[in-house]
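Read through the structure below, which is laid out as structure tokens, and then see the notes.
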Amino acid sequence: MPTTRRLLILLLLPVVLASCAGDTAREAARLHRAAGSAPRIALMPPDLTLARLSAGGSETPMAAWTLAAERNLTLALMAAARERGLELTPAPRSLRRDPALQPVWRLHRGLETAILTHRFGKARNRLPAKGKASLGWSLGLEAAAALRRRVHADYALFVSLTDTYASPGRQALGVATVLLIGLPLVEGGRQQGLATLVDLRTGAVVWARHLDRSSGDLREAEPAHETAAALLKDLPQ
Amino acid sequence: MRPLASLIALLLVVSGCAGDLPPLPPETRPEIAAEEAGSWLAADRLEQEMAAAPHALTNPALTRYVQGVACRVAGRYCGDIRVHLLRQPGFNAAMAPNGALLIQSGLLLRLADEAQLAAVIGHELGHYVQRHSFAQAEHARRQGDIGAWIGLFGAALGAPGVSDFLRGETVLDTLAYGRDQERAADSFGLERLAAAGYDPSAAAEVWDLVQAEAEAGGKGLADRLLATHPAPAERRQRLRQAAASIGRDDTPRERGLAAYRAVLAPHRAAFLTDEVRLRQPTSTLALFRHLAERDGLDAVLAFHWGEVYRLRGWQDDRRKALATYAKALGFADVPAETHRSIGLVRRALGQRRGARFAFDRYLEHAPAATDRVVVEAYIDGRL
């Protein structure tokens with residue numbers, strides 16, 4: 001019996017570890033600013049998808065949740081930044097539709113993919129030069145200047161996040177699996193996100209934080225604060 | 001094992017039957033709380049990006065024309081359908097759940113007239129009105145749910161093979177479901193086509209085109225299309241019979257040939273170039289042969305036809321290319337690039353004088369050519 005229990009703990013350990021996973025890379029602990037003033041940081045309209053996870057594991061994107069989360073997370077991020085002594089200025093949602101900025105969004109999405117793969121991804125995909133204190137990715141001067149002209153800030157904070165929530169059917173399947181097989185093999189919802197801070201003078205990504213965990217809820221205003229705090233942990237000041 | 005298998009089959013059938021949704025009324029968006037709104041939101045975002053995509057074909061006249069045909073076919077759904085043209089070779093069109101209709105330029109190149117374009121749009125409109133994207137996703141979700149439960153019980157009862165059996169059944173069932181949707185979209189499209197006053201036989205003709213391209217050994221988009229659509233033979237047969245039953249003697253049978261050709265004419269050379277650049281010579285040659293048989297050979301088509309041979313470069317291809325360029329030279333409106341290509345082929349054959357003559361004529365016809373410096377170097381023998 002003790003052997004079984006030890007085995008169970010071993011099996012559960014990765015689940016527990018994964019549930020609180022968050023990782024940061026930052027190039028500087030301090031942001032540059034004009035003498036005597038705070039750094040100006042524009043919060044880009046967050047790129048969110050909230051979906052319901054069915055029993056079989058298919059994801060149904062939920063519009064109402066997604067739109068509520070955009071509002072909840074924007075407010076929560078502003079509050080979390082304020083606690084760290086920083087003011088975020090949210091950029092209007094219409095910026096995402098601006099035809100002139102489409103290449104910039106596309107480029108930034110490419111950067112996100114690269115950062116997720118080569119800095120926060122599987123060990124075999126990580127690049128040795130991309131460590132805790134060096135990111136070495138840049139949007140480039142041109143894209144940074146285009147963005148800076150629109151938002152009039154020194155930095156741009158980007159947040160992309162997908163968040164899934166287990167449906168009642170999936171929860172029931174999870175319980176039934178534990179009862180019948182004795183192992184928690186059915187995964188619940190996951191919150192996976194990436195926040196990046198871009199220096200708009202140079203285009204350099206100066207800070208990035210990755211979340212991948214089985215907690216967090218953006219559908220309501222109150223719990224969104226916890227996600228915002230988890231995202232902005234270690235943000236330079 | 002056998003009772004279990006029957007149970008699974010029964011569950012799959014039951015889940016398949018639940019798939020029909022009521023048609024979407026005109027000028028309607030799903031309620032924001034509805035599950036369907038999620039796929040609309042995702043499609044809205046994609047559409048935003050699509051409008052600024054590098055391969056978006058933003059020609060106002062062409063877009064207005066296709067949108068006009070779409071409106072005529074769509075009737076009361078006119079305001080729900082937004083046409084997006086893509087500069088992309090190959091034979092395909094797609095409907096997003098939110099009414100964004102994507103049409104590849106390769107499709108416009110292949111169709112003969114407005115009636116065929118209307119047939120394609122009618123079919124895609126069927127997918128939109130009958131909410132096929134969402135129905136398909138829901139169908140897959142239900143199957144996955146049932147599969148998860150059966151897999152659990154199978155594992156608990158010590159029959160893990162159940163999951164594998166189930167996976168196979170699910171794939172087959174999903175394909176069958178997709179084909180049913182295609183048939184439903186066909187019927188819907190045919191009705192709209194006839195109601196809009198177009199010749200209903202145009203629908204079957206579009207499938208003749210797909211079939212012809214697939215038979216010519218095309219490893220391109222026609223193949224991918226056939227993987228998800230019912231067998232064209234069956235489909236053409238059904239569309240032809242249905243068209244015959246719709247058509248009475250007094251039914252209008254508009255083709256819109258002249259309007260279609262006129263609006264496509266300024267873009268035809270570019271669309272032909274896209275096909276050549278695919279570097280799929282076997283299917284491209286079949287396509288060009290078909291276009292020549294149907295619409296007659298012209299200078300632009302002959303030039304591009306020669307380009308396929310020149311770029312393929314098989315044993316006899318240089319000779320074939322020169323023979324085809326010669327046909328292009330027989331037309332008054334021969335593209336200047338034909339002379340350059342003749343020069344390149346002759347140069348490769350070591351025919352220096354012939355090459356120089358052709359390059360001279362190229363610069364004569366295209367004095368502002370951007371590659372002038374290079375061509376002059378060819379003429380001087382510096383390169």
Side-chain angles (χ1 to χ4, degrees), chain A residues 45-70 93-109 160 162 164-187 219, chain B residues 11-12 15 29-56 58 84 96-98 133-160 163 166-167 170 173-174:
Chain A
D47 181 4
L48 307 179
T49 303
L50 274 72
R52 197 174 58 198
L53 200 57
S54 77
S58 13
E59 294 177 10
T60 307
M62 304 293 281
W65 293 357
T66 302
L67 296 179
E70 280 170 6
R93 182 93 222 145
S94 58
L95 219 58
R96 286 266 176 212
R97 289 192 297 273
D98 190 329
L101 287 181
Q102 295 307 316
V104 178
W105 304 135
R106 222 182 347 260
L107 180 59
H108 184 262
R109 198 160 326 123
S160 304
T162 58
T164 56
Y165 300 86
S167 66
R170 183 135 181 116
Q171 290 169 4
L173 183 76
V175 172
T177 304
V178 172
L179 290 179
L180 287 174
I181 303 194
L183 290 174
L185 295 173
V186 178
E187 251 200 290
R219 295 171 296 183
Chain B
L11 281 169
L12 285 173
S15 75
R29 268 189 86 97
E31 290 292 323
I32 196 74
E35 287 179 9
E36 200 169 359
S39 57
W40 279 59
L41 187 68
D44 287 348
R45 290 177 178 174
L46 272 179
E47 191 180 356
Q48 247 169 52
E49 287 168 27
M50 190 68 67
H55 63 310
T58 49
H84 294 271
N98 67 343
S133 295
F134 182 63
Q136 176 83 279
E138 281 293 281
H139 180 80
R141 182 189 58 74
R142 268 194 305 274
Q143 287 206 321
D145 289 357
I146 294 167
W149 283 104
I150 293 174
L152 170 61
F153 289 125
L157 296 172
S163 299
L166 192 70
R167 213 164 292 131
T170 308
D173 183 75
T174 304

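Note that the structure is a prediction, hence the values are computed from the model and not measured. In what follows, chains carry the letters A, B, and so on, assigned in the order in which the sequence lines appear, proteins first and then strands, with residues in each chain numbered from 1.
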(request) Please tell me if the side chains of B/Arg45 and A/Asp47 come closer than 4.5 Å, counting only heavy atoms from C-beta onward. (result) yes
(request) Please state whether the side chain, the backbone, both or neither of A/Leu173 comes within less than 4.5 Å of a heavy atom of chain B. (result) both
(request) Measure distances from A/Thr60 to the heavy atoms of chain B and classify the residue's part below 4.5 Å as side chain, backbone, both or neither. (result) side chain
(message) Can you tell me which of A/Arg170, A/Arg106, A/Gln102, A/Glu59 forms the most heavy-atom pairs within a distance under 4.5 Å of chain B?
(response) A/Arg106
(message) Need one label for A/Ala100: side chain, backbone, both or neither, based on atoms under 4.5 Å from any heavy atom in chain B.
(response) neither
(request) Heavy atoms only, distances under 4.5 angstrom: which of A/Leu48, A/Leu50, A/Leu185 has the most pairs with chain B? Name it, please. (result) A/Leu48
(request) Only one of A/Arg97, A/Arg109, A/Arg96 passes side-chain hydrogen bond (donor to acceptor under 3.5 Å, both in side chains) with B/Glu49; say which it is. (result) A/Arg109
(message) Which one wins on heavy-atom pair count under 4.5 Å against chain B: A/Ser167, A/Pro99, A/Ala55?
(response) A/Ala55
(message) Looking at every heavy atom in both A/Pro45 and A/Leu95, which two are closest together, and how far apart are they?
(response) CG-CB, 4.4 Å
(message) Please classify the contact between A/Thr66 and chain B as side chain, backbone, both or neither, with a heavy-atom cut-off of under 4.5 Å.
(response) side chain
(message) Can a donor-acceptor pair be found, under 3.5 Å and without considering hydrogens, that links the side chain of B/Arg141 to the backbone of A/Gly57?
(response) no
(request) Please state whether the side chain, the backbone, both or neither of A/Ala172 comes within less than 4.5 Å of a heavy atom of chain B. (result) both
(request) Measure the spacing between NE2 of A/His108 and CG of A/Leu101 and express it to the nearest 0.5 Å. (result) 13.0 Å
(request) Compare all side-chain heavy atoms of A/Arg219 with those of A/Met62 and state whether any distance is below 4.5 angstrom. (result) no
(request) State the NE2-OG distance between B/His139 and A/Ser58, to the nearest 0.5 angstrom. (result) 11.5 Å
(message) Can you tell me which portion of A/Leu67 sits under 4.5 Å from chain B's heavy atoms? Options are side chain, backbone, both or neither.
(response) side chain
